[in-house]
Number of protein chains: 2
Amino acid sequence: MSHRITIHDIARELNLTTATVSRALNDHPRISTETKRLVQEKARQMKYRRNKLASSLRSGKSHTIGVIIPSAQMNFFGSVVHGIENVASNNGYSIILYQSEETSALEKKAIETFLSARVDGILASIAKETVDFTHYVELKKRNIPLVFFDRTNEDLKVPAVVVDDYKGAYLATEHLLKNGYKRIAHVAGPQHIKGFRDRLNGYKDALKANQKKAEKNYIYQGNVSIESGKEAVDYFLKLVEPPDAFFAVEDYTALGVIKCLKERKFKIPDEFGVIGFANESFDEHITPALSSVDQQTVQMGKEAFNLLMEMIKINDSKSTVKEKEKIVLEPILCYRESSAGKKA
Amino acid sequence: MSHRITIHDIARELNLTTATVSRALNDHPRISTETKRLVQEKARQMKYRRNKLASSLRSGKSHTIGVIIPSAQMNFFGSVVHGIENVASNNGYSIILYQSEETSALEKKAIETFLSARVDGILASIAKETVDFTHYVELKKRNIPLVFFDRTNEDLKVPAVVVDDYKGAYLATEHLLKNGYKRIAHVAGPQHIKGFRDRLNGYKDALKANQKKAEKNYIYQGNVSIESGKEAVDYFLKLVEPPDAFFAVEDYTALGVIKCLKERKFKIPDEFGVIGFANESFDEHITPALSSVDQQTVQMGKEAFNLLMEMIKINDSKSTVKEKEKIVLEPILCYRESSAGKKA
DNA sequence: CTGAAAGCGCTAACAC
DNA sequence: GTGTTAGCGCTTTCAG
C-alpha cells in the first residue's frame, strides 16, 4: 500500500517513457514485440495493476455497463442478471447493478449514477410503476446506448430483448387441446401490460385455429397472484358448462388454480388440465408438477448484453448502421404432469 | 453530448474558480451559504453531472464496492444481493457484481477487476471449489476492507456475517420432538463445510438435551440434493427401528425425502415428520408445505454492507479500533404442515 | 518504433 | 471564504 505501482515506475525501471509503456500494455500495433515482452514481463514482476479510473477518465470508455432490474430477489431477474454478468465478464466488462424496487424514483437515481460513472451503456427492465419515460428518453437524446429486456415500451423505439408471449400462449393452449381437453379457459393478467395482452391473444388465436372460439366467460381477469388463480376457479366452476382446462397467465396464478382444484378434491390432470407461464423453480416440485412455458431468462440476459455491445460499437465507429430493433426469444413449452390429458 | 458540462463551465458562468465550485458542490463547510446556493442552482440549471471517475481518481475514494457471489441464479444469493444493493444505494454506494460460478479462477479475476476499479471494499461469499485462499489473504495484506457472508473461512480471520447454523438445527430438531416425533433422523451434508457440520452438531445437542442420544445409524451422509434425500429415506426405512421424523440439512434434500415418502404412500405429517433448512420459495407451495429454517438472507446482505462500511471508516480514520469479527444472525423457525405432529 | 507534452475533470494543499 | 497551483494515472495527439 505504501506506494502503488504505476506506469511511471515501470517506465523508470526500463528507461522508457510512460507513453511507450502504456502502448505496450495495451498491445499497440506500432510497438516492437521485444518492448512489449519486456514491459509486460516487468509489469507482472512489479505486480502492476492498471488504474481503471485514470484510464477510463482519459479514454472516455469505462468498460462498465449499468443494469437496472426491479429486484434481485425475484428469481426471474436473478436469472437474467446471471446471463448478463456471464457474457459481460467474458467480454471484459463489469456491471453495476441497481434495483428499482418497481419505482420510477429509484430508476432515475440509478440512471443518474450510471451517467455519473460514465458507463458505456445501460440495460434495463422497466419498473411497474413507471408511466413517465422521460428519464429513458433523455438517454436516447444523449446518445447513451440503451437496451430493454423483458419489460419494454414499444413507443420509445428502444431496442429490446423479449420472449414471444403470444407464441408461448399459443403453444400452451394448443398443447392443452392436443392432450384432449375440450374447453380451455384463461386466467388473464392486467391488460395494460403488453406481455399479458399478447398472452391473451395467443390463447384466443390458438382456439380459433382449432375451430373453437374464445368465449368471453372463459376468460377471467386476474391480477397475477395465487389468490386470483383461486378466485378464477371459483368463478369458472359456477358456469353451466365449466371448462376442463386452465391456461394461467403465469405460474403463481396457476398455483392458485391447482390449490383450489385440490381443495375441492378434483383430480389433475384427470379431470382438469392446468398450464402456467414462467417455468418457476417450484413448478417441478409441486404435486402435480406444473406444466409451463419457459422464458429463457439466461439467454435473455446474454442477448441483451450482446445487443448492447453492438450498439456501443456502432456508436464508437460513428457509423450509421441501423441497429436491431428487437430480439424475440422462442418460448419453450415445458410439459409436465398437470396437463397430461384426461382419463377417458 | 457535443460538450459535457464540467465545473469549469459553472465556474466561468459564475465568475468563480473551479475549486470554489467543487467545494460548493460538496457542501464544504467553509463556503458561504449564498455561494453554495448559487452554484448548486447553476449546476442544476446547466444539467451538470459530476464525473465520478475524475472525482474518484483524485480523491482516492470510489464509493463503489465489489460483490462476489457464486451465482445470481441461486435464489439465496439473489436475495442477499437484494439486501446489499438496497443499503448500499441508500448510503451513496454503487455495487459491481461478479459471479464466481463456484470457481477460484473467476474469484481471482473478480478481485483483479475490483482492485483495478479501486473499489472501497469487497463483499464475498466463497466459491465451493476454493481451497487456496491466497487471493483473499492478499486483500488483507493490502488492507482492502473485506467481509465474507454466508460462505466463510474461520482461519482467515476475515469479518463475516453468517446465520447460526447450529442454533437453526437445534431449533428444528427440538421442534420435531415437541410435536411428538420420537425417533429423529438427520440427512446431513458434506462435513468439510462448516455450516453443515454445525447443523449436525445442533441436531445432536438438541437430542442430548432431550435425553436422547444421536444414534449413528440415524445419520445419513448426503450430498445436498433431491437425490440424496430419496436415498436417505431408502436407507432409513430398512432399519429395524426406522425413524419417524427427518431433519434434512437443506430444503432440496427435504424435498427428496418428501417425494420418496409420498411415492411409498406414507402420510406426512401423520406418519413421518419432515423439516428442512433454507426456507426456499417452493416450501410453502408443495404438499405438504415444508417446515424449514429461514436464514435471513436480506438481513444478511444488509448487515454485511454495514460491517464493510464500518471497516472502511476505520480504515479512513487510520484509527486502530478493533473491528467486529463476526455477526451471527438468528435463524427463524418456519412452522408448516410437514412437521405438524403424528396422528395418535 | 518511441518520445514529449498536454490534459481528461476533479480535489486538496497552501495561500491570503 | 475564495483563489492558486499542482497533480491523481493514464492515453493520445504530434513529432521525429
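Here is how names work: the chains are called A, B, and so on, in the same order as the sequence lines, proteins then strands, and each is numbered from 1.
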Report task. Please test A/Glu310 against A/Lys313 for salt bridge (charged side-chain N to carboxylate O under 4.0 Å, His left out), starting from the C-alpha separation and ending with a verdict. Result -> CA-CA 5 Å; A/Glu310 273 184 43; A/Lys313 276 181 196 147; over 6 Å; no

Report task. Given salt bridge (charged side-chain N to carboxylate O under 4.0 Å, His left out), test A/Glu85 with A/Lys302 step by step and report yes or no. Result -> CA-CA 8 Å; A/Glu85 198 281 309; A/Lys302 294 187 175 186; over 6 Å; no

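Positionally, the nearest nucleotide of DNA chain D for B/Ala19 lies more toward the 5' end than for the other of B/Arg58 and B/Ala19. With the nearest nucleotide of DNA chain D identified for both B/Ile31 and B/Leu57, B/Ile31 has the one nearer the 5' end.
Note on B/Ser59: every side-chain N or O is 4.0 Å or more away from OP1 and OP2 of C/dT11. Listed pair A/Asn26 / D/dT11 meets the phosphate criterion, a side-chain N or O lying under 4.0 Å from OP1 or OP2. A sub-4.0 Å separation between OP1 or OP2 of C/dG3 and a side-chain N or O of A/Thr17 is present. The shortest distance between the side-chain N/O atoms of A/Ser32 and the OP1/OP2 oxygens of C/dT2 is below 4.0 Å. Using a 4.0 Å cut-off, some side-chain N or O of A/Arg50 falls inside it from OP1 or OP2 of D/dT11. OP1 or OP2 of C/dC10 has not a single side-chain nitrogen or oxygen of B/Thr18 nearer than 4.0 Å.
Atoms NE2 (B/His28) and C1' (D/dG3) sit 13 Å apart, rounded to a whole Å. Atom pair A/Asp27:CG and D/dT11:P shows a separation of 13 Å (rounding to whole Å applied). Separating the CG atom of A/Asn51 from the P atom of D/dT11 is a distance of 9 Å, rounded to the nearest angstrom. Between A/Arg118 atom CZ and C/dC10 atom P the separation is 7 Å, expressed in whole Å. D/dT11 atom P lies 13 Å from atom NZ of A/Lys52, rounded to whole Å. The distance from atom NZ of B/Lys61 to atom C1' of D/dC8 is 15 Å, rounded to the nearest whole Å. The CG-C1' distance, from A/Leu53 to D/dG7, rounds to 15 Å in whole Å. Taking atom CZ of residue A/Arg4 and atom P of nucleotide D/dC10, one finds them 11 Å apart after rounding to whole Å.
For A/Thr35, whose side chain is taken as the heavy atoms from C-beta onward, the closest listed nucleotide among C/dT2, D/dG3, C/dT11 is C/dT2. Nearest nucleotide to the side chain of B/Ile7, out of D/dT2, C/dT2, C/dC10: C/dC10.
Counting heavy atoms of neighbouring residues, nucleotides and ligands inside a 6.0 Å radius, atom NZ of B/Lys128 does not exceed 12 of them.
Checked by atom type and distance alone, the side chain of A/Thr152 never pairs as donor or acceptor with a backbone atom of A/Asp150 at under 3.5 Å. Between the side chain of B/Ser125 and the backbone N or O of B/Phe149, at least one donor-acceptor pair lies under 3.5 Å.
On a pure distance criterion of 3.5 Å, no polar donor-acceptor pair joins the side chain of A/Arg30 and the base of D/dT13. At a cut-off of 3.5 angstrom, the base of D/dG3 holds at least one donor-acceptor pair with the side chain of B/Arg23.
Using a 4.0 Å cut-off between charged nitrogen and carboxylate oxygen, A/Lys108 and A/Glu112 do not count as a salt-bridge pair.
Contact annotation for A/Leu16: backbone-only contact, meaning every heavy-atom pair under 4.0 Å involves sugar-phosphate atoms and none involves a base. Across all strands shown, B/Ser56 has no heavy atoms under 4.0 Å from either base or sugar-phosphate atoms. Within the nucleic acid shown, B/Ser22 comes within 4.0 Å of at least one base atom, counting heavy atoms only.
Between the side chains of B/His82 and A/Ser71, a donor-acceptor pair is found at a separation under 3.5 Å.
Considering all non-hydrogen atoms of both residues, A/Met311 and A/Leu146 come closest at CE-O, 3.5 Å.
DNA chain C forms stems at C:1-16 with D:1-16, each a run of 3 or more consecutive Watson-Crick or G-U wobble pairs whose two key distances fall under 3.5 Å.
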